[in-house]
Structure formats: structure tokens, C-alpha cells
Amino acid sequence: MQLIDGKATAATIKQEIAQEVDRLIAAGARPPHLAAVLVGHDGGSETYVRNKVLACEACHFTSSLIRFEDTVTEAELLDCVSRLNSDPAVDGFIVQLPLPPHISEQKVIEAIDYRKDVDGFHPINVGRMAIGLPCFVSATPQGILELLRRYHIETSGRKCVILGRSNIVGKPMAQLMAQKHLGDATVTVCHSHSLNLVHECRQADIIIAAIGQPAYVTADMVKPGAVVIDVGTTRVPDPSRPSGFRLCGDVDFDTVAPLCSYITPVPGGVGPMTICMLMLNTLAAANHSIYA
Ligand code: GUN
């Protein structure tokens with residue numbers, strides 16, 4: 001079994017990005033600028049956004065954090081999106097999800113200029129991704145593809161089972177894994193209403209678990225030699241930790257890992273790669289390499 005080290009891979013990629021940014025600055029450009037909008041004080045969202053700001057520093061980007069209390073109105077948030085859309089000093093921005101229930105996430109996502117949508121959530125980017133056109137691709141699936149590529153894990157013609165059908169991970173992952181010249185795999189998407197889910201998983205050469213249920217994937221679901229990618233990051237209470245919680249993946253790591261050819265840990269697997277891909281998307285936005 002080989003552990004896929006997302007943390008180390010992400011550190012390498014961030015160094016590569018920083019070198020590219022230094023070259024751009026030496027040639028007279030300003031650093032890429034990512035803005036993040038954070039509503040409320042959800043612990044997970046605070047951590048994600050803090051890590052995104054730290055990643056910007058590592059990549060020699062400029063970052064801005066725009067904060068709102070969770071009493072912000074939808075109109076105020078849409079106004080902020082509109083200002084960021086037209087601010088020439090901002091190359092790309094994200095609105096951290098989830099948003100409070102009185103705000104329509106879809107309305108906010110659709111208000112973002114797709115050319116600055118470095119999360120790749122706007123329907124134009126989602127649609128272009130689906131038909132293989134250049135676009136901003138959602139960072140988690142992109143990070144998983146990059147890990148598979150850097151570890152020389154063959155996906156072409158392999159059977160890939162994706163657990164979860166979310167707009168952010170499951171759906172784009174399925175499309176990218178099936179796409180020619182990318183995953184080129186035979187893809188099955190399983191979800192909460194799938195019959196024979198255990199049987200489907202047992203056929204898989206590659207399992208990508210993104211259902212948000214701690215330790216859901218157990219040893220009986222995994223074919224010996226399979227590659228297992230764990231997207232789960234559920235916070236479970238752990239009084240022995242200073243934070244009071246630990247992150248738990250969707251895979252029961254201790255029993256599944258011995259069966260695998262490759263497996264990602266949680267933390268230190270997919271998570272750091274996701275943030276790295278956001279940085280790559282921001283660099284592409286600054287360079288206008290996807291949209292002129
Ligand atoms: N919430 C959880 N993951 C993400 C993400 O990738 N982007 C944004 N904007 N919010 C999230």
C-alpha cells in the first residue's frame with residue numbers, strides 16, 4: 001500500500017506557482033489577487049478561508065478577505081459580488097459556502113462573473129467542463145485528477161466508482177473521470193438511493209468517496225489492489241484534541257488501507273490539493289489563460 005501524500009504534493013505545486021508568479025512580477029505584472037467572501041462564523045468555513053489566505057501567501061498572491069455577519073441580506077451580498085465583478089484589481093473570487101438559509105446560494109453563484117469564478121461553480125463553467133471546453137474546474141475534482149496524474153495511477157479504461165453526487169465534487173468528478181484525455185475511465189456514480197452499493201464498490205479499481213459520512217467505506221466494500229480516494233472531512237468530537245474535534249474521512253482508513261494499492265489519508269490527502277487547485281485557477285484568471 002502506498003500513501004498518496006496530498007500535503008507534500010500541494011507544497012510542491014505551491015512552490016511551482018510561486019516561481020511562476022515571481023517570473024510574472026519580474027516581467028512587470030502585479031501579483032494575482034484572490035478575494036474570499038465569508039459570511040458568518042462557521043468553524044469549518046473559517047478554517048477553509050484561513051487556509052486559502054495562507055495558500056495565497058505561499059504562492060506570492062495578494063488576497064483579500066471580505067467578511068459579513070450571518071444577518072447580511074441577499075441584496076447586500078449580491079452587491080458585494082457585483083463590486084468584485086467590476087473591480088479590475090481582483091482577478092478571481094470565491095463566496096465560501098454554505099450560506100445562511102435566507103440567502104439563495106444559486107442566485108449568488110450565478111451573479112459571479114464566470115471569468116472570475118475560480119471555484120468553477122457558475123453554470124457556464126459547469127457546462128463548459130461537461131463538454132470538455134476550457135473553463136474553471138471545481139477545485140476538489142481537479143485536485144484528485146492531479147494527484148492521480150502525479151502518482152502515475154492509470155485511470156484509462158479502469159472502473160471508477162464515485163460515492164456522492166454533489167454539485168461540488170461527485171458530479172464534476174464523474175464527468176472528468178469519464179472524459180477522454182482526462183480520466184478516460186468507466187464511471188459509476190453511487191448515492192444514498194443506490195441499490196447494491198457494496199457490490200458496485202467491490203467491482204471498482206478506483207473508489208472516490210465523497211458522501212460526508214465518517215468511515216462509511218469499510219474493508220468489505222474494497223477490492224484488493226484498489227485505489228481509494230477519500231474526500232470526506234467530517235468534524236467528529238474528540239476531547240483529547242485542543243480543538244475538541246478531529247477530521248474524519250469517508251473511509252475506515254485502518255481496515256481499508258492494507259487492502260489498497262494507493263490511498264489518500266484524512267487529513268493530508270485531498271484537502272490540501274483542493275486549495276492548491278484554487279490557486280492554479282486564480283493564476284489562470286490573472287493570466288487570462290482561460291478567458292481573454
Ligand atoms: N465550501 C466547501 N467547499 C467549498 C469550496 O470549494 N468553495 C466554496 N466557495 N465553498 C466551499
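The basis for the numbers below is simple: all heavy atoms, side chains too, and nothing from hydrogens, waters or symmetry mates. Remember, it's 1-based here, ligands and their atoms both numbered in the order they're listed. What you see is a predicted model; the values in this text were computed from it and never measured.
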Review point. So is Phe121 polar-close to ligand 1, meaning N/O to N/O under 3.5 Å?
Key: no
Check your understanding: Would you call Asp238 and Arg246 a salt bridge, taking side-chain N to carboxylate O under 4.0 Å as the test?
Key -> yes
Revision key, fill the gap. A student comparing Leu97, Val169, Asp117 should find that the heavy atom closest to atom 1 (N) of ligand 1 comes from Leu97
Point to revise | Per-residue contact class, Asp119 against ligand 1 - non-hydrogen pairs under 4.0 Å | key: side chain
Practice item. Any atoms of ligand 1 less than 4.0 Å from a non-hydrogen atom of Val95? List them with their elements. Key: 8 (C), 9 (N)
Check your understanding: Is any side-chain N of the basic residue among Glu154 and Lys159 closer than 4.0 Å to the acidic one's carboxylate O?
Key -> no
Review point. Of the protein's non-hydrogen atoms, which lies at the shortest distance from atom 3 (N) of ligand 1, and what is that distance?
Key: Gln96 NE2, 4.3 Å
Revision key, fill the gap. Short version for Leu278: what comes under 4.0 Å of ligand 1, heavy atoms counted, is neither
Point to revise | Check: Phe136 ring centre within less than 6.0 Å of Tyr291 ring centre | key: yes
Check your understanding: Without hydrogens or angle criteria, can the side chains of His41 and Glu46 be said to hold a donor-acceptor pair below 3.5 Å?
Key -> yes
Point to revise | Short side-chain donor-acceptor distance under 3.5 Å, Tyr48 and Thr233 | key: yes
